[in-house]
Amino acid sequence: MIVEAFRLVFEPSVLLFIVLGVASGICIGCLPGLTTTMGVALVLPLTFGMDATHSILLLIGVYVGAVYGGSIAAILLNTPGTPASAATALDGYKMASKGEAGRALGISTSSSFIGGMISCVYLILISPILAKFALKFSAPEFFMLAVFGLCIISSISGKSMMKGLISGALGILLATIGIDSITGSMRFTFNNMNLFSGINFIPVMIGLFAMSQAFIGVEEMKQKTVVARAITHVFPKRSDWGMIVKSGFVYGTMGTLIGCIPGVGADIASFIAYGQAKSFSKHPELFGTGLPEAIAAPEAANNGVTGGALIPMLTLGVPGDAVAAIMIGALMVQGLQPGPLLFQNNGPIVYALFIGCFIANICMFVLGLNSVRLFAKVLSVPKSILVPTIFLLCFVGSYALNNSIFDVAVMLFFGIVGYFLQKTEVSSSPVILGLILGPMAESNFRRALLMSKGDYSTFISTGISITFFVLIIISLALPLFQKKFLKRQI
Amino acid sequence: MKKGNLIFAGVFSALAIFIMYFAMQLPKARNGVPGPGYWPILISVVMLVAAITVGIKAFTTKDDTPLVLGASDHIRVYIAMGLLIVYLLGMYYIGFGIATFVMLYGFITWFGKYTWFFRALMAFAITAVVYSVFVYVLKVPFRFGILF
């Protein structure tokens, strides 16, 4: 199986796709306003014609590259390229202002690399064990798992838990459109043939994450971008390596563990890491003035999330964050169903993905140290050309899925909805996760009741389901503590 | 944000009630096993309760950050939304190539300050690259519209 996985990954075309993915990811991450999720959503349609290995490794390349790429804009412009690098901007820009932009970029690249590699190790160690454990799950456990995923995502991903719940519920309700899989009844189709097979979540995703972000780009069209400053001595000095390696291990591990929790993305991980680094530092008062360890910690943590988010996605079919949700879509387009059976039925692809993660991180490190000046030039791409191109890619990408103009209309509709959701401070991630987890929750809910002849106590009849029940309660109570905790950390 | 939250709560309360109404028309439960309408009703109830909570919270809290949706920056977004709807129709009825060129030329003209030649060149180049990648490399057929 492992030999087959190596054979799959070391095909020249696959390696080329990983390099292309990382390079385009860094470019996307660099550009303020283009998020990691948007980048992966825009690249997804290009993968429809590819096989599973090429497709998923290209997306992983984009993911790893974009999370790192955000730090380039954060350091050079004081504007995080992605929300995940907001914590990096606090000290990164200060270092760049002192004429140490190259050093700051070198520290960010190296810490991201170590954090990413650590997360890959955890991914390989934890995933098979968790997948084996998940084989014990039956309908009630899967239902409780889906509810847990939805609750934690709704409660963590936005400013308000209630808005998160509404957003998640919207996603679940969208998933109910179409023919009911158990009784064959039509639900909310209103005799429209396009709705008989339900709403595909890929156009919804492109609309919510890419199109709505492009509308934000239109809104901010008049804002001027400061041109990047000179970058020299990117390769870290010998004296910096000790701190980079230490931070990489500690905060990479922290990022991976945070990434495993559904809904907690790289942005939260990087702020928690920043806060922890500050509290463990001998000079906490110097944080915010341009400290190297204040760059290393959040960067190691946000790249640590990349591997962590894949753990629940691959083993349980529950996405760790919005990017992992898009990857679930990519796997499903290839006819692969994420979850414990993926390891049994498609072992070589899973192991190829593990190896590909390592290679993507190595590519990111090499490209980051050697070509950062080139990537910094991406910052000067004018929005007046970039935004219309994103519009076009959203249209073509959503059409390419089923060659259906209806999907394009769905994408545009959700692009508009996503824009207004952002304006009212509602996170779009729960909508997508509701769309993915909704069918899993509903089918297992009804199957469990069918098996237990309508006895609702089946949902708390085993140790696993009771554990999930407790976790659901904790996840709903979590927002009460979250704000206080994050405030204290920063 | 008070006004925004009230509108948000109103829209989603109405949506939840609308879904509940239609879900109630679906077949009922049999032998204790929920019918196809049970799950949407359950989720709509969650949505309704959450929307009412957002509404009540909006009423009882101070309006600290007002929701601005009518500034010139926002109007630019609404015009862009409208133009994209026109582009969708244009793409469907006229054809991908021409509609896309016009859309790109229009937006680049609106957003930037370039010479007409540069705008036309950029619009043509982007259209040609995207068309070539999707049609020739990814084999996505763009078969719609009366023209190209």
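Values below: every heavy atom of this structure, side chains too, minus hydrogens, waters and symmetry copies. Residue numbers begin at 1 in each chain, while the letters A, B, ... track the order of the sequences.
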Review point. Is there a donor-acceptor pair under 3.5 Å between the side chain of Arg187(A) and the backbone N or O of Ala23(B)?
Key: no
Using non-hydrogen atoms only, which part of [X] is less than 4.5 Å away from chain A: side chain, backbone, both, or neither?
X        : value
Leu88(B) : both
Ile7(B)  : neither
Phe18(B) : side chain
Ile85(B) : both
Phe12(B) : side chain

Approximate separation, where rounding is to 0.5 Å, of [X] [atom1] and [Y] [atom2]:
X         : Y         : atom1 : atom2 : answer
Phe413(A) : Met81(B)  : CZ    : CE    : 11.5 Å
Phe8(B)   : Ser167(A) : CZ    : OG    : 7.0 Å
Ile43(B)  : Thr176(A) : CD1   : OG1   : 9.0 Å
Ile52(B)  : Ile166(A) : CD1   : CD1   : 10.0 Å

Contact origin within [X] toward chain B - heavy atom pairs under 4.5 Å:
X         : result
Ala441(A) : both
Thr389(A) : both
Leu393(A) : side chain
Leu421(A) : side chain
Ala409(A) : both
Leu392(A) : both
Tyr419(A) : side chain
Phe190(A) : side chain
Met186(A) : backbone

Practice item. Please assess Phe111(B) against Val218(A) for the test side chain to side chain contact (heavy atoms under 4.5 Å, CB included), listing each intermediate value before the final yes or no. Key: CA-CA 8 Å; Phe111(B) 296 152; Val218(A) 174; 3.9 Å; yes
Closest approach of [X] to [Y] (non-hydrogen atoms, all atoms of both residues):
X         : Y         : value
Asn403(A) : Pro141(B) : ND2-CD, 3.4 Å
Leu173(A) : Pro40(B)  : CD2-O, 3.6 Å
Ser384(A) : Ile108(B) : O-CG1, 3.7 Å
Leu165(A) : Ala50(B)  : CB-CB, 4.4 Å

For a 4.5 angstrom cut-off between non-hydrogen side-chain atoms, does [X] reach [Y]?
X         : Y         : value
Leu84(B)  : Met211(A) : yes
Leu46(A)  : Val133(B) : yes
Pro36(B)  : Arg446(A) : yes
Tyr114(B) : Ile385(A) : yes
Phe107(B) : Val387(A) : no
Thr183(A) : Pro27(B)  : no
Val46(B)  : Ile172(A) : no
Glu219(A) : Arg76(B)  : no

Exercise for review: May I ask you to check whether over 12 heavy atoms, not counting those of Tyr92(B), lie within 6.0 Å of atom OH?
Suggested key: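 No.
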Check your understanding: In terms of heavy-atom contacts, does CZ of Phe420(A) have more than 12 from other residues, nucleotides or ligands at under 6.0 Å?
Key ->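 Result for CZ/Phe420(A): enclosed.
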**Study point:** Top contributor to chain A contacts, counting heavy-atom pairs under 4.5 Å, from Lys113(B), Met47(B), Met91(B), Met122(B)
**Key:** Met47(B)
Exercise for review: Report the option among Leu48(B), Val54(B), Val77(B), Leu69(B) that has the most heavy-atom pairs separated by less than 4.5 Å from atoms of chain A.
Suggested key: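 Option with the greatest count: Val77(B).
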Practice item. On the 0 to 90° scale, with breaks at 30° and 60°, tag the Tyr456(A)-Tyr38(B) ring pair as parallel, tilted or perpendicular. Key: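 Because their plane-to-plane angle lies in the 30° to 60° range, the rings of Tyr456(A) and Tyr38(B) count as tilted.
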**Study point:** Residue selection (most heavy-atom pairs with chain B, distance under 4.5 Å) from Pro388(A), Gly49(A), Ala175(A)
**Key:**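 Among the listed options, the one with the most contacts to chain B is Pro388(A).
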Check your understanding: Quick one: of Leu449(A), Ile182(A), Ile216(A), Asp455(A), who has the most non-hydrogen atom pairs under 4.5 Å with chain B?
Key ->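 Counting heavy-atom pairs under 4.5 Å, the top option is Leu449(A).
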Check your understanding: How about Phe134(B) and Tyr399(A): are their ring centres within less than 6.0 Å of each other?
Key -> no
Practice item. Tell me, with the steps shown, if Phe395(A) and Thr100(B) meet side chain to side chain contact (heavy atoms under 4.5 Å, CB included). Key: CA-CA 10 Å; Phe395(A) 271 70; Thr100(B) 302; over 6 Å; no
